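A short worksheet on the structure shown next.
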Amino acid sequence: MTAAHNGTDAWRNARRVLCVRLDNIGDVLMTTPALRALRHALPGRRLTLLTSRAAATLAPHLADVDEVIAHEASWVRNTAADSVDADLALIDTLRAGRFDAAVIFTVYSQSPLPAALSCRLARIPLRLAHCRENPYHLLSDWVRETEPAAGVRHETQRQLDLVATIGAHCSDTRLAFAVCPGNRQRCAARLARLGIADRAPWILVHPGATAPSRRYPAEAFAEAVRGLWQRLGLPIVIGGDADEAGLIEEIRARAAVPAR
């Protein structure tokens with residue numbers, strides 16, 4: 001159900017579209033099918049992604065995105081939000097982009113209204129988002145929020161449903177991540193240092209996650225690693241950043257099988 005909706009006609013001519021996803025890397029990746037739908041709904045359409053600094057590192061791997069703007073918004077839970085001056089500067093940056101439209105992607109527990117206000121102040125005429133309360137003039141295209149009361153969709157489907165309301169569809173709903181040649185070379189070099197031959201099969205286990213609610217318990221990961229080793233006998237690499245070193249070592253110790 002939509003209200004205050006301009007329909008698809010106004011969006012068909014929107015060539016410069018701002019896509020707002022002020023979350024983490026995984027959230028942006030789950031939005032890539034919707035980005036694909038937006039990109040290919042109009043030949044020559046250009047997409048700019050407004051996202052967090054962490055997710056902005058995906059820029060080389062997002063084939064459907066032409067430009068990325070990094071910003072730590074004060075209305076999204078981040079490690080440290082940018083200053084008020086940075087929030088004001090963002091409006092200037094968005095105004096200079098001369099965008100025809102903005103699509104604000106959120107999970108159901110987030111409000112799109114702060115981002116919608118920034119886009120309105122930046123004079124972006126079309127603004128689409130899910131919203132629980134009546135946004136009045138903050139959104140030109142309002143899709144009523146039905147989650148979680150009417151059930152919760154997969155995050156990818158939620159964003160595809162959002163852009164479908166303005167006529168953007170795609171048959172390929174897979175996540176998108178473009179692997180660069182340099183990525184393959186660096187990966188092969190690291191695997192060689194771990195004693196894994198080029199093009200040999202191996203298993204990657206990545207136990208870390210930003211939110212505690214998304215983290216599988218270490219003992220359960222260890223059980224999975226042990227089961228994979230016993231059943232398949234393939235080299236197992238446990239990945240993560242420096243902050244997850246303790247978690248990785250705990251999983252290795254509990255699994256008690258060879259794992260890099």
Side-chain angles (χ1 to χ4, degrees), residues 1-23 27-51 55 59 62-69 71 73 90-91 93-108 110-147 153-176:
M1 176 73 69
T2 62
H5 202 298
N6 277 301
T8 59
D9 288 344
W11 284 85
R12 287 197 181 102
N13 296 319
R15 294 194 168 275
R16 296 181 60 82
V17 178
L18 176 71
C19 301
V20 182
R21 190 76 215 239
L22 292 162
D23 292 297
D27 300 293
V28 171
L29 286 174
M30 286 190 287
T31 310
T32 52
L35 297 178
R36 182 185 301 120
L38 281 171
R39 178 64 177 262
H40 296 287
L42 178 68
R45 173 174 282 171
R46 292 180 59 83
L47 299 187
T48 295
L49 174 66
L50 171 60
T51 191
L62 301 176
D64 291 314
V65 173
D66 298 287
E67 180 187 14
V68 172
I69 301 171
H71 181 71
L90 174 66
I91 295 172
T93 298
L94 298 183
R95 186 181 295 121
R98 301 178 67 84
F99 296 106
D100 301 312
V103 180
I104 303 167
F105 297 103
T106 61
V107 297
Y108 70 78
Q110 294 173 328
S111 171
L113 298 184
L117 176 59
S118 297
C119 291
R120 176 173 165 80
L121 294 176
R123 301 185 184 281
I124 302 175
L126 299 175
R127 300 172 302 279
L128 167 71
H130 288 105
C131 193
R132 200 172 309 282
E133 61 269 51
N134 192 331
Y136 296 100
H137 297 295
L138 290 183
L139 293 176
S140 64
D141 296 80
W142 170 27
V143 179
R144 293 183 185 272
E145 182 62 82
T146 60
E147 299 183 30
R153 291 162 287 182
H154 189 282
E155 180 65 14
T156 296
Q157 189 61 51
R158 171 182 170 84
Q159 311 310 343
L160 282 167
D161 290 345
L162 178 66
V163 299
T165 65
I166 47 92
H169 305 272
C170 68
S171 57
D172 184 359
T173 60
R174 296 173 298 175
L175 305 189

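Because the structure is predicted, anything quoted here is derived from the model rather than measured.
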> Looking at Asp172 and Cys170, what are the two nearest heavy atoms and their distance?
Replying inline: O-SG, 3.2 Å

>> Go through it in stages, so that I can follow the logic: the residues are Leu126 and Phe99, the test is side chain to side chain contact (heavy atoms under 4.5 Å, CB included), and I'd like the CA-CA distance, side-chain angles, deciding distance and then a yes or no.
In response: CA-CA 9 Å; Leu126 299 175; Phe99 296 106; over 6 Å; no

> Which residue pairs satisfy the salt bridge (Lys or Arg N to Asp or Glu O under 4.0 Å) criterion with at least one member in residues 125-140, sequence neighbours excluded?
Replying inline: none

> So how far is it from Tyr108 OH to His130 NE2, rounded to the nearest 0.5 Å?
Replying inline: 13.5 Å

> Hey, what do you get for CG (Leu22) to OG1 (Thr106), rounding to the nearest 0.5 Å?
Replying inline: 10.5 Å

> Given Asp141 and Trp11, is the side chain to side chain donor-acceptor pair (under 3.5 Å) satisfied, shown in steps?
Replying inline: CA-CA 10 Å; Asp141 296 80; Trp11 284 85; 3.2 Å; yes

> So Leu18 and Leu50, side chain to side chain contact (heavy atoms under 4.5 Å, CB included) or not? Walk me through it.
Replying inline: CA-CA 7 Å; Leu18 176 71; Leu50 171 60; 3.9 Å; yes

> Do Val20 and Val103 have side-chain heavy atoms sitting under 4.5 Å apart?
Replying inline: no

> Do side-chain atoms of Trp142 reach the backbone of Ala129 as a donor and acceptor pair under 3.5 angstrom?
Replying inline: no

> Is there a donor-acceptor pair under 3.5 Å between the side chain of Arg15 and the backbone N or O of Arg46?
Replying inline: no

>> Suppose we screen for salt bridge (charged side-chain N to carboxylate O under 4.0 Å, His left out). Which residues come up paired with Arg98, at least two apart in sequence or across chains?
In response: none

>> Just to verify, what does Asn13 make a side-chain contact (heavy atoms from CB on, under 4.5 Å) with, not counting sequence neighbours?
In response: none

> Between Gln159 and Thr156, is there a donor-acceptor pair closer than 3.5 Å when you use the side chain of the first and the backbone of the second?
Replying inline: no

> Sequence neighbours excluded, which residues qualify as side-chain contact (heavy atoms from CB on, under 4.5 Å) partners of Ala122?
Replying inline: Ile91, Leu94, Arg95, Ile124

>> If the condition is side-chain contact (heavy atoms from CB on, under 4.5 Å), which residues does Asp27 pass it with, not counting sequence neighbours?
In response: Arg21, Asp23, Asn24, Met30, Arg214

> Should Leu175 and Pro33 count as side-chain neighbours, where that means a heavy-atom distance under 4.5 Å?
Replying inline: yes

> Nearest 0.5 Å, what's the CG-CG distance between Leu113 and Leu139?
Replying inline: 6.5 Å

> Does Arg45 have any side-chain contact (heavy atoms from CB on, under 4.5 Å) partners at least two apart in sequence or in another chain, and if so, which?
Replying inline: Ala14, Val17, Leu38, Ala41, Leu42, Leu47

> Listed by chain and number, what are the side-chain hydrogen bond (donor to acceptor under 3.5 Å, both in side chains) partners of Ser111, not counting sequence neighbours?
Replying inline: none

> Hey, does Ile104 have a side-chain heavy atom less than 4.5 Å from the side chain of Cys131?
Replying inline: no

>> Could you walk me through whether Thr48 and Val68 satisfy the side chain to side chain contact (heavy atoms under 4.5 Å, CB included) test, starting with their C-alpha distance in whole Å, then the side-chain angles of each, then the deciding distance to 0.1 Å, before giving a yes or no?
In response: CA-CA 6 Å; Thr48 295; Val68 172; over 6 Å; no

> With Arg153, which residues qualify under salt bridge (charged side-chain N to carboxylate O under 4.0 Å, His left out), at least two apart?
Replying inline: Glu147, Asp161

> Shortest non-hydrogen contact from Val163 to Ala37?
Replying inline: CG2-CB, 4.1 Å

> Do Leu162 and Leu128 touch side chain to side chain, with heavy atoms closer than 4.5 Å?
Replying inline: yes

>> Applying side-chain hydrogen bond (donor to acceptor under 3.5 Å, both in side chains) as the test, list every pair that has at least one member in residues 32-43; sequence neighbours left out.
In response: Arg39-Asp66, His40-Asp64

>> Counting C-beta onward and ignoring hydrogens, is there a side-chain heavy-atom pair between Glu155 and Val107 closer than 4.5 Å?
In response: yes

